[in-house]
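Start at 1 and go down the list; that is how both ligands and their atoms are numbered. Scope of the values below: all heavy atoms of this structure, side chains included, with no hydrogens, waters or symmetry mates.
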Amino acid sequence: MSVKSPAEYVESLRDGRRVMFRGAWVPDVTEHPVLRKAIDHAAIDYRLAEEEPTRELFTAEVAGERVSRFYKVPTSAEDLLLRMRAIETATAEGRTVVTLIHEIGTDALFALLRVAAACDKARGTAYLPRVEALLRRARAEDWALSVAQTDSKGDRAKGPSGQADPDQYLRIVERRADGIVVRGAKLHTSVSVNSNAMIVLPTRAMRTGEEDYAVSFWLPVATPGLKLIASPFLSGRRSPIEHPLSAEHKMVESFTWFDDVFVPWEQVFLAGEVDYAGPLALSFVDFHRFTAVSYKLPLVDLLVGSAGLMAQLNGIAGAGHVRDKLGSLAMYAATVRRLLEASALLGRMEDPGVFVPDTLTVNTAKYHFAHGFHEALRDVQDIAGGLLVTAPAWDDFASEDVGPALHKYLRGATGDAEERLRALYLVTDLAVGDLSGYHEVLAVHAEGSLEAEKLAATRHFDLAGTVRLARRLAGIGD
Ligand SMILES: Cc1cc2nc3c(=O)[nH]c(=O)nc-3n(C[C@H](O)[C@H](O)[C@H](O)COP(=O)(O)OP(=O)(O)OC[C@H]3O[C@@H](n4cnc5c(N)ncnc54)[C@H](O)[C@@H]3O)c2cc1C
């Protein structure tokens, strides 16, 4: 069986990688208090693949071997739905924080299979065997993978070749007989510090003259010249009672600096074929937005559940405006889930045998989630009340001087102040504090901005068909 244990995963990260945290190089990420939290969080994927009752869901049979479910290339709607359930289950176990170490990398691999096949067919390149070789190796060794796509981008109004500084998009600075040398910075790279290997993709479409920017490859994280500057967001110590979600769970992103990194040709998937940079970027997001919405499911369910719980504890469950808000939250959560399921059911088979979620539906799902998220938080905050930011600390309950008064005055409708405070702490962590801020920015930007989703969805909407309908009903013909 090619599935790593959590301990083997931790051990695999001791490889001399260059990671900086708050201005200091980290000698061993597994010994670092903040990074170790992210590692233990990510190890959930390996634990669930090992233990019952989740083993069946988190593994799959491929070529006679039991492997991580995430490495099974989807060939049907059923495969996508099982992938969705696995991502949802791991994220629920991670208390709304996604593990991502298998999801994002396999999203990139599935996209690379499609685009390498098309490029090889049209251009006579030989990229597909390299992608397949990486897939086999990563699957056999059950690698944790990160994906570096988003460039620093400089002036957003200009493309790669229009920038004053040519390094604002990752580029090839040297082509050698044995490989390429790349330079640039990719931003926001999730799980890079705790993955075994990284896949690099172009951010956007490229045009003639931008050949050096049309580049894709993979590399081990411990490759010389690859430097990861870890984000310290959400890294403070926190109490498990006052922060029931974020005390034990976090993901780490990095500023990912390619300080003239050599990549052997066997690891290169695109090097100058400008026509394929755009399709690769877009193909990745077809899969990655499916992953994104899958890991939002526990989050939106928890928004509904915590609002319902606070309504009970505050004694307002029967109030008209509260029922209205709970109804909106429930419909929001249900729409996100059903759109995602529909995107799997409406999916299509593409060369070389990859089942792809329906682009219009999956982008609509991600957009609907992101667009409604802040409003949903507002409803949860409204129902819970101001104690979200003014509640006493948990330690105050133990005080002989004030504990009895806290029990008397904070009990709400059901009579148990400690229970109500625990529920409030949950909502604060979920909808008010820095984890909430993280989820808010993640909703708007990660896996692409709202505009990117709207653009992708409208590109696949039959606008011409609807205009024809309007013309016909207006009696003005074609
Ligand atoms: C928590 C988190 C995790 C992430 N993980 C990863 C990861 O693992 N790997 C990875 O590669 N990326 C990752 N991302 C990056 C994510 O995909 C980007 O944040 C997203 O694509 C937006 O890019 P940006 O942050 O550079 O913002 P910008 O692109 O600068 O966007 C800011 C605003 O400018 C607008 N804008 C940008 N360009 C134009 C233009 N030309 N014309 C008009 N408007 C424009 C946008 O629509 C937006 O409103 C992550 C992001 C977050 C927040």
Side-chain angles (χ1 to χ4, degrees), residues 38 41-42 91 94 96-109 111-112 144-163 168-170 184-195 197-207 215-218 221 226 228-235 246 249-258 277-278 280-289 291-292 295-296 299 363 366-367 369-371 373-374 434-456:
H41 167 74
T91 311
T96 74
V97 180
V98 62
T99 50
L100 210 73
I101 50 167
H102 286 102
E103 296 85 336
I104 192 168
T106 49
D107 289 338
L109 276 166
L112 281 162
L145 294 173
S146 49
V147 173
Q149 179 180 38
T150 312
D151 288 285
S152 54
K153 295 188 288 196
D155 181 344
R156 269 66 175 157
K158 295 178 177 138
S161 55
Q163 302 288 331
Q168 291 301 324
Y169 285 76
L170 183 99
K186 295 278 188 179
L187 271 51
H188 328 283
T189 320
S190 300
V191 302
S192 52
V193 301
N194 55 303
S195 57
M198 180 183 291
I199 296 176
V200 174
L201 300 175
T203 294
R204 51 174 287 162
M206 305 287 171
R207 54 181 185 218
V215 60
S216 172
F217 53 89
W218 78 270
V221 170
L226 181 64
L228 309 175
I229 296 89
S231 160
F233 197 73
L234 267 165
S235 63
S246 61
H249 298 278
K250 84 177 256 81
M251 209 166 53
V252 172
E253 287 76 27
S254 70
F255 173 100
T256 304
W257 180 21
F258 295 81
L280 182 50
L282 285 178
S283 181
F284 168 62
V285 296
D286 272 347
F287 292 106
H288 197 42
R289 288 183 188 153
T291 286
Y295 79 70
K296 303 305 182 189
L299 182 63
N363 277 285
K366 175 66 179 31
Y367 181 86
F369 161 76
H371 194 255
F373 188 64
H374 292 70
D434 47 5
L435 176 66
S436 172
Y438 182 78
H439 280 313
E440 284 174 62
V441 177
L442 200 73
V444 172
H445 283 295
E447 305 96 21
S449 65
L450 284 159
E451 282 313 306
E453 284 140 23
K454 201 189 283 174
L455 208 67

Side chains of [X] and [Y], heavy atoms from C-beta outward: is any pair under 4.5 Å?
X: Asn363; Y: Lys366; value: no
X: Leu170; Y: Phe217; value: yes
X: Met198; Y: Trp218; value: no
X: Val191; Y: Met251; value: yes
X: Ile104; Y: Thr291; value: no
X: Leu187; Y: Ser152; value: yes
X: His374; Y: Val444; value: yes

Have a look at ligand 1 and work out which part of Ser192, if any, has a heavy atom under 4.0 Å from it: side chain, backbone, both or neither.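 For Ser192, no heavy atom sits under 4.0 Å from ligand 1.
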Please work out, at 4.0 Å between heavy atoms, whether the side chain, the backbone, both, or neither of Ser190 comes within that distance of ligand 1.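 For Ser190, the contact with ligand 1 is made by both the backbone and the side chain.
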Any atoms of ligand 1 less than 4.0 Å from a non-hydrogen atom of [X]? List them with their elements.
X: Lys153; value: 23 (O), 24 (P), 26 (O), 28 (P), 29 (O)
X: Ile104; value: 8 (O)
X: His445; value: 16 (C), 17 (O), 18 (C), 19 (O), 20 (C), 21 (O), 22 (C), 31 (O), 32 (C)

If you take all heavy atoms of Pro202 and Met206, which pair is closest and at what distance?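 So the two residues come closest at CB-CE, 4.3 Å.
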Out of Leu228, Val221, Leu226, which residue meets the side-chain contact (heavy atoms from CB on, under 4.5 Å) rule with Ser192?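 Considering Leu228, Val221, Leu226, a side-chain contact (heavy atoms from CB on, under 4.5 Å) with Ser192 is found only for Leu228.
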Nearest heavy atom to [atom]: which of [options] does it belong to?
atom: atom 53 (C) of ligand 1; options: Val441, Leu455, Val98; value: Val441
atom: atom 9 (N) of ligand 1; options: Val147, Val285, Leu442; value: Val147
atom: atom 17 (O) of ligand 1; options: Thr150, Val191, Val252, Leu100; value: Thr150
atom: atom 52 (C) of ligand 1; options: Ser231, Ser146, Ala446; value: Ala446

Residue, atom name and distance, where the atom is the protein heavy atom closest to [atom]:
atom: atom 41 (N) of ligand 1; value: Arg156 O, 2.9 Å
atom: atom 47 (O) of ligand 1; value: Ser449 OG, 3.6 Å
atom: atom 13 (C) of ligand 1; value: His188 O, 3.4 Å

[atom]: any protein heavy atom closer than 4.0 Å:
atom: atom 34 (O) of ligand 1; answer: no
atom: atom 2 (C) of ligand 1; answer: yes
atom: atom 44 (N) of ligand 1; answer: no
atom: atom 30 (O) of ligand 1; answer: yes

Report yes if [X] has an N/O atom closer than 3.5 Å to an N/O atom of ligand 1; otherwise report no.
X: Asp151; result: no
X: Gln149; result: yes
X: Tyr438; result: no

Spacing of [X] atom [atom1] and [Y] atom [atom2] [to the nearest 0.5 Å]:
X: Tyr438; Y: Glu253; atom1: OH; atom2: CD; value: 3.5 Å
X: Phe287; Y: Leu282; atom1: CZ; atom2: CG; value: 12.5 Å
X: Glu447; Y: Phe284; atom1: CD; atom2: CZ; value: 8.5 Å

contact_flag Gly448 ligand 1 heavy-atom lt 4.0 Å: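 So Gly448 counts as touching ligand 1.
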